[in-house]
There are 2 protein chains.
Amino acid sequence: MEKICVYGAGNWGSTAARIIAENTIRYDKFYNVVNMYVHKEIYNGRELTDIINTDKENTKYLPGFKFPDNVFATSDIQFALKDVTMLVVVIPHQFLVSAMKEVSQYADLSKLKVVSLIKGMYIGKEDIKTTTQTIESVLNLKPSVLSGANLANEIANREICESTLGCMDDTEAELWIKAFQTDYFRIMHVKNVYAIELCGALKNVVAVAVGMAAGLGYGNNTKAAIMRIGFMEILKFAQMLYPSTAESILFESCGIPDLITSCLGGRNFKVSAEFVKTGKSIDVLEAEMLNGQKLQGPLTSLEVHEYLSNVNKTADFPLFTAVFEIVYQNKDAKPLLESLFKVSRQSIL
Amino acid sequence: MEKICVYGAGNWGSTAARIIAENTIRYDKFYNVVNMYVHKEIYNGRELTDIINTDKENTKYLPGFKFPDNVFATSDIQFALKDVTMLVVVIPHQFLVSAMKEVSQYADLSKLKVVSLIKGMYIGKEDIKTTTQTIESVLNLKPSVLSGANLANEIANREICESTLGCMDDTEAELWIKAFQTDYFRIMHVKNVYAIELCGALKNVVAVAVGMAAGLGYGNNTKAAIMRIGFMEILKFAQMLYPSTAESILFESCGIPDLITSCLGGRNFKVSAEFVKTGKSIDVLEAEMLNGQKLQGPLTSLEVHEYLSNVNKTADFPLFTAVFEIVYQNKDAKPLLESLFKVSRQSIL
C-alpha cells in the first residue's frame, strides 16, 4: 500500500491534491487519505489548515474549488509524513533545501518515492542544479518530475490537458501515472528528468522575449518566430548540459506546448509586454502587477547569463542573452530582438 | 543573369513581388524588373494591371502598400514569361494545372527554376500530390517550396519573421535566398520539399480543431495539447508518405511555428470557433464570415479522411478523423475532442 503526501498547498499543490485524492479512492494500491503539508499560515484570522479541513477549500490559493473529503491538511511535518511512501513536492524553489532537510528527518527514506512539480531550478555561475538534483543531494534518491502545459486553474476546472512524467523507473512511473492521471489530466511517461526541468525553467525566458515583441506591436509571425528561436535555444542548452537529450523532448507537453501556453498570456508574457510599452522597470511592474512577487523569466535570464558568461558561450544563445541585456543592461528591446534574426542561421536538417 | 516572374497577384503574391523587387536591385545577378503575372480582372472599373502599374498599389488584394517602381504587372502571359529563369508560383491551388500548362508553352523550361508559395495540395482517394509534384508532372522539373509562419500583411508591414525554403539543390537555393531574404524576412534552407508542403496543408485541419476547442470554452492548456496532438499527426502523416522525413522538420518555420500562427487566430481557427458556438454549418459561416470563400481546413480534413479510409489508417490519425466527423457527419464536437485524450498515448522518447 502506498501513502501519498503533497508537500505544499499553493495553487498548483492544491490542484494536485484534489486530483490525487480522486485517484487514491479508485485504486486499491493507495491509502485513501492524501496528506497535504501546509506551511503554517493565518488567513482571514484562521489557520489555513483549519480552513482547508473544515471548509474543504483553500480559499487563499485555490478559491472556488472544493477538496474531496479524503484530503487532510496539516502543518505538523511529522504527522504529514507518517507512513508516506510517495511524496509530491510543490513549493517555491527557494524553500526546497530546508524543506527536504525536514523530510529527511521524518520520512522513511528507504521506501520513499518523490516527484517534483516545481518549475524553477538553481542556476549558479559555475554549476546548474535542477530541482530533482537538489532533492537528490539531500535525500539521496532519484526523484521524478511532472511538468507540462498545466495552468492550475484550468485543471482545477477539469479542462482537458496533458502533462509529461519524467521517471527513470517503469514500475515507479506506473504508480505516479495512477496517482495523477484522470480523464481530463493525461500523463505521458518519458525516461528523462533533467531536460524536462530545463524546459520548465527556460521557457519563462522565452515568454519574456515574446511578451516584449508583443509589447513592441509585432504580430503573430514574429511571435511564432521568437518562440521557434527560443525552443531551439532551450534544446541547445539542454544538450550542452546533457548531451544525450533527444530533440523530441520538445514534442512532449513539457516542451513546446508548455512554452506556447506561457507565451499566450502568462505573467512573464504580460509583464514583459508592459515593460517595453511603459519603460517602467521590472521591479516596479512586479509591484504593480504581481503584488510584489518576483517574475521568474528575468531572474532566470540573469542566472543563465552568468552561467553562459562563465563557460564563454553567450554567443551561442542570442535570445537568452538579449533578454538579459534588455532587462538588466537597459538596452533597447527593438534592435536587440531584431538582431536575433540577422544571424545567418543554419538549418538543423 | 536571372529574370524573375511572380505568377499570381493575390495578397501573398503581391507581398512576394514587393520583397523580390527590393532584392533584384541589390544583386547584380538579377534583372532589376520583376514581372508579375496578373489574371485579367477589372476592379473599380479599371484593369488591375493598370492600377498596379499606375498607382503602384494592388488596391484589391494588398491595399495600403506601395510597389517599388521595378515591379511590372501584366496579364499577357507570353510577355510575363519572356526570358524568365526564376518563376514564383502563388495562385489558388485549383488553377495550378492549367496555369502550368500555359507556362510550359511560353517559358524556356531548360533554364527555368520554380518555387511554389502555395499551401494547398491535391489529396485524392488513392493518391496525394503535393503542389510541387503537380508542377513537376506538367513542367518536368523539380520545383522548390517556400513556406512558413508568414501572414502576408504582417510581412508587407515589414514585421520580422522567418520562412523555410525547401530546395534540393544548393546552388539554386542560394538564388532563391538572394531573391527572398531581407532584413525582416529571414529564409532558412532545408533539403526537403514534400514534407514542408504537407505541413502547410495539414496545419489547417489542426487549426480547425483548436478553434473548436476555443469555441467550446477550453483554455490555453487544452489548446496547446491539441496543437501537440496535431503536430504529431502531421509528422506521422508525412512519415507515412515519405518515410525519410526527419522529425526536426517540425522545428522549421514551416512546421510548428506556422501551426502556432494559424492557431492564434487565422480564418480556420475563427470560423471553427463560431461553428461550435453557433451550430451554423460551415457553408453558412463561409458565406457570413468569408464572403463565400471556402475554408481550407474542413475541406482538407475531408480529403485526408477519404485517403486514410482507403488505406485503412483512420485509427492512426484520431485528430484528423475527429475534425472530419464533426464537420461532415454532424458529430458532437466536445466528446470527440475529449476522446483524443482518452487513448493511452505512447510517448515517442
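Just so it is clear: chains get the letters A, B, ... in the order the sequence lines come, proteins before strands, and each one is counted from 1.
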Between [atom1] of [X] and [atom2] of [Y], what distance do you get to the nearest 0.5 Å?
X         : Y         : atom1 : atom2 : value
Lys223(A) : Leu264(B) : NZ    : CG    : 6.5 Å
Arg228(B) : Leu250(A) : CZ    : CG    : 12.0 Å
Ile155(B) : Thr222(A) : CD1   : OG1   : 9.0 Å

Quick check against the 3.5 Å criterion: does Thr261(B) have a side-chain atom that pairs as donor or acceptor with the backbone of Asn221(A)? no
Discussion item. Tell me whether Arg186(B) contacts the main-chain N or O of Phe341(A) through its side chain, where contact means a donor paired with an acceptor under 3.5 Å.
Written reply: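 Yes, Arg186(B) side chain to Phe341(A) backbone: donor-acceptor pair under 3.5 Å.
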By residue number, those in residues 170-182 of chain B with heavy atoms under 4.5 Å from heavy atoms of chain A are none
With a 4.5 Å cut-off on heavy-atom pairs, point out which of Leu216(A), Leu235(A), Asp258(A), Asp183(A) contacts chain B the most.
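Of the options given, most contacts go to Asp183(A).
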Residue from Asn220(B), Leu259(B), Asn157(B), Asn153(B) scoring the most non-hydrogen pairs under 4.5 Å with chain A is Asn220(B)
With chain A, the option among Leu151(B), Leu337(B), Thr164(B) that has the most non-hydrogen atom pairs under 4.5 Å is Leu151(B)
### Task
Please say whether more than 12 non-hydrogen atoms of neighbouring residues, nucleotides or ligands are located less than 6.0 Å from NZ in Lys236(A).
yes
If one checks every heavy atom of Ile256(A) against chain B at 4.5 Å, the contacting part turns out to be side chain
Engaged part of Ile260(A) at the chain B interface, taking heavy atoms whose separation is under 4.5 Å:
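Side chain only.
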### Task
Compare every heavy atom of Ala224(A) with every heavy atom of Pro257(B), then report the nearest pair and how far apart it is.
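In this case the closest contact between Pro257(B) and Ala224(A) is O-CB, 3.6 Å.
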inquiry  = To check you understand the geometry: which heavy-atom pair defines the closest contact between Gly217(A) and Glu159(B), and what is its length?
reply    =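 Closest approach of Gly217(A) to Glu159(B), heavy atoms only: O-OE2, 4.1 Å.
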For Glu338(B), the salt bridge (Lys or Arg N to Asp or Glu O under 4.0 Å) test, sequence neighbours excluded, returns Lys334(B)
Restricting to pairs with a member in residues 198-236 of chain B, which pass ring-ring contact (aromatic ring centres under 6.0 Å, His included), not counting sequence neighbours?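 Counting only pairs at least two positions apart or across chains, the ring-ring contact (aromatic ring centres under 6.0 Å, His included) contacts touching residues 198-236 of chain B are Phe251(A)-Phe231(B).
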- Task: Would you please name every residue forming a side-chain contact (heavy atoms from CB on, under 4.5 Å) with Ser272(B), sequence neighbours left out?
- Result: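 side-chain contact (heavy atoms from CB on, under 4.5 Å) check on Ser272(B) returns Val208(B), Met212(B).
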